[in-house]
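Heads up: the structure comes next, in structure tokens.
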Amino acid sequence: MKKWIGLSALTLMLAACNEDEAKNANADKEGNVVATTGQIADAVKVISGEKLNVTTLMGPGVDPHLYKATQGDMTTLENAEVIFYNGLHLEGQLQDIFDQMGKDKTVFAAAEVLKDEQLLVDAEDDSLNDPHVWFDIMLWKEVVDGIGDTLVEEYPEYKADFEKNEQDYLAKLDELAAYAKERVAEIPQEQRILVTAHDAFNYFGESLGFDVSGLQGLSTESEYGVKDVENMVNYLVDYNIKAIFVESSVSDKAMKAVIEGAKEKGHTVIIGGELFSDAMGAEGTEEGTYLGMYKHNINTIVDSLK
């Protein structure tokens, strides 16, 4: 009995020492975290609660495919203790910066926790994967879990809070997934055709049973030409599509050209609404959160296509 008590005491002492070491190791940390996109930043903010200072690099209407770091961004990134980014070449212009900074601090490519078989391949380049994984809620839950694990590893003193916040958030994501399926069921199967400015919604289509077509490729760096517009017009006419969608982070010039082209062929197409694709809404609005952004998209699409 005495031996058991001695071992228990030793175990408690070691645990206390480990906890003190963790606290001391993080004592000089100020909790400064940077995330590139709104989607990533939202997950970090929800999980961390008010424990960390979270800065979002790219705001509403910003296209991450084309984004280049300013001098102010470089200072923000250098001052960060942890950097979260999507990865899978979404922020292609920043990759060299992340690689360099990853030598001195934790730089986490959140979407790259997913396995190759879970990812969609770029139709134009099979060596690349589609980075827009946040549009499949089940995949996004895995990304969120990876973000949570990284936060706990970096700030172990907040482990209990972070894990509780993450579990609450995952439950809300499950509720959102159920809501999305209920709403999509309102659209007849033959009308589940989603046409957007660029191919950001393939994971959305795969998870909810839509045929998806974008005027531009996976990246807005890809150029569209007269032939692309003509092909899209023919697609709309052939499938009798009445509504197409613009995106908050992509110019609507091309989609307006498509509408005019369809009109010349005697086919009327309207803009069904603006969707949030690579960027979310303004901070402080419902659409400025992942849950609100996704719900806005679902409601906009269903109300226009049903």
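We're numbering straight along the sequence, starting at 1. What's counted below: heavy atoms across the whole structure, side chains too, no hydrogens, waters or symmetry copies. None of these values were measured; they are calculated from a predicted model.
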Strictly under 6.0 Å, is that where the ring centroids of F204 and F210 end up? yes
Test of understanding: clusters of I, L, V, M, F, W, Y form through side-chain heavy atoms closer than 4.5 Å, transitively. Do V144 and Y155 belong to the same one? yes
Side-chain heavy atoms under 4.5 angstrom apart, residues restricted to Ile, Leu, Val, Met, Phe, Trp, Tyr: same cluster for F201 and I187? yes
L173 and L291, any side-chain heavy atoms less than 4.5 Å apart: yes
Residues, nucleotides or ligands: over 12 heavy atoms within 6.0 Å of E206 CD: no
Counting N and O atoms only, with roles assigned by atom type, does the side chain of N32 sit under 3.5 Å from a partner on the main chain of A80, one being a donor and the other an acceptor? no
Does T56 use its side chain to pair, donor to acceptor, with the backbone of M58 at less than 3.5 Å? no
Would F276 and E247 satisfy side-chain contact (heavy atoms from CB on, under 4.5 Å), going step by step from the backbone distance to the final call? CA-CA 6 Å; F276 296 101; E247 301 172 34; over 6 Å; no
K105 vs E81, test: side-chain contact (heavy atoms from CB on, under 4.5 Å). Steps then yes/no. CA-CA 6 Å; K105 66 182 72 179; E81 294 159 357; over 6 Å; no
Do M293 and H296 have side-chain heavy atoms sitting under 4.5 Å apart? no
For Y294 and F135, what are the C-alpha separation, side-chain angles and deciding distance, and is it a side-chain contact (heavy atoms from CB on, under 4.5 Å)? CA-CA 8 Å; Y294 195 102; F135 281 128; 4.2 Å; yes
Taking the side chain as everything from C-beta on, heavy atoms only, tell me whether T55 gets closer than 4.5 Å to V33. no
Would you name the heavy atoms of A109 and G87 that are closest together and state the gap between them? CB-CA, 4.2 Å
Cationic N near anionic O, under 4.0 Å, K256 to E260: no
For the backbone of D136 and the side chain of S207, can you confirm whether one donor and one acceptor N or O come within less than 3.5 Å of each other? no
In Å, rounded to the nearest 0.5 Å, how long is the span from CG of L170 to CD of E166? 5.0 Å
Could you tell me whether the side chain of D122 and the main chain of S127 form a donor-acceptor pair under 3.5 Å? no
Are D211 and R192 within salt-bridge range, i.e. N to O under 4.0 Å? no
Do you know the tightest heavy-atom contact between D130 and D199? OD2-O, 4.1 Å
Does the gap between the ring centers of Y85 and F98 come in under 6.0 Å? yes
Under 3.5 Å: donor-acceptor pair, side chain of T285, backbone of G281: no
Please say which of I301, T300, V302 ends up in a side chain to side chain contact (heavy atoms under 4.5 Å, CB included) with I298. V302
May I ask you to test the V269-I241 pair for a side-chain heavy-atom distance under 4.5 Å? no
Measure the shortest side-chain to side-chain distance between D174 and K141 over non-hydrogen atoms and say whether it is less than 4.5 angstrom. yes
Does the pair I83 and T106 meet the rule for a side-chain contact (heavy atoms from CB on, under 4.5 Å), with working shown? CA-CA 6 Å; I83 298 171; T106 297; over 6 Å; no
Pairs touching residues 31-46 that satisfy salt bridge (charged side-chain N to carboxylate O under 4.0 Å, His left out), sequence neighbours left out: K45-E283
Steps toward side chain to side chain donor-acceptor pair (under 3.5 Å) verdict (Q95, D99): CA-CA 6 Å; Q95 191 60 56; D99 291 342; 3.0 Å; yes
Please answer whether the main-chain N or O of T75 pairs with a side-chain N or O of N79 as donor and acceptor at a distance below 3.5 Å. yes
Of the non-hydrogen atoms in R183 and N299, which two are nearest, and what is the gap between them? NH1-OD1, 3.1 Å
Do T196 and S277 come close enough that some side-chain heavy atom pair is under 4.5 Å? no
Residue pair V237 / H267: nearest heavy atoms and the distance that separates them: CG2-CB, 3.8 Å
Is it true that M101 and F108 fall in one hydrophobic cluster, defined by side-chain heavy atoms closer than 4.5 Å? no
E287 vs M280 side-chain heavy atoms within contact, under 4.5 Å: no
Group every Ile, Leu, Val, Met, Phe, Trp and Tyr by side-chain heavy-atom contacts under 4.5 Å, then state whether V62 and V246 land in the same group. no
Tell me whether the count of non-hydrogen atoms from other residues, nucleotides or ligands lying under 6.0 Å of NZ in K242 goes above 12. yes
D168 bridged to K164 by N-O distance under 4.0 Å: yes
Separation between CG (L151) and OG (S48), nearest 0.5 Å, reads 6.5 Å
CH2 on W140 to CG on L114, rounded to 0.5 Å: 9.5 Å
Over 12 foreign heavy atoms within 6.0 Å of NZ, K159: no
Taking E175 first and then K172, would you say they form a salt bridge - that is, a charged N and a carboxylate O separated by under 4.0 Å? no
Cation-pi check, K295 onto Y179 ring (under 6.0 Å, within 45° of axis): yes
If Ile, Leu, Val, Met, Phe, Trp and Tyr residues are connected whenever their side-chain heavy atoms lie under 4.5 Å apart, and connections chain through other members, are V143 and V34 in the same group? no
Measure the spacing between CG of L90 and CG of N129 and express it to the nearest 0.5 Å. 12.5 Å
To the nearest 0.5 Å, what is the distance between OH (Y239) and CD (E190)? 13.0 Å
Salt bridge or not between D73 and K68? Use side-chain N to carboxylate O under 4.0 Å. no
Decide yes or no for L94 and L57: does some side-chain heavy atom of the first lie under 4.5 Å from some side-chain heavy atom of the second? yes
For E91 and N86, indicate whether the former's side chain and the latter's backbone hold a donor-acceptor pair under 3.5 Å. yes
Can you say whether the rings of H132 and W134 are parallel (under 30°), tilted (30 to 60°) or perpendicular (over 60°)? perpendicular
E50 CD: over 12 foreign heavy atoms closer than 6.0 Å: no
Minimum-distance pair of heavy atoms, taken over all atoms of A111 and L88: CB-CD1, 3.8 Å
State, to 0.1 Å, how close Q118 and Y203 come at their nearest heavy-atom pair, and which atoms those are. O-CE2, 4.0 Å
Could you grab the distance from atom CD1 of I193 to atom CD1 of I244, nearest 0.5 Å is fine? 13.0 Å
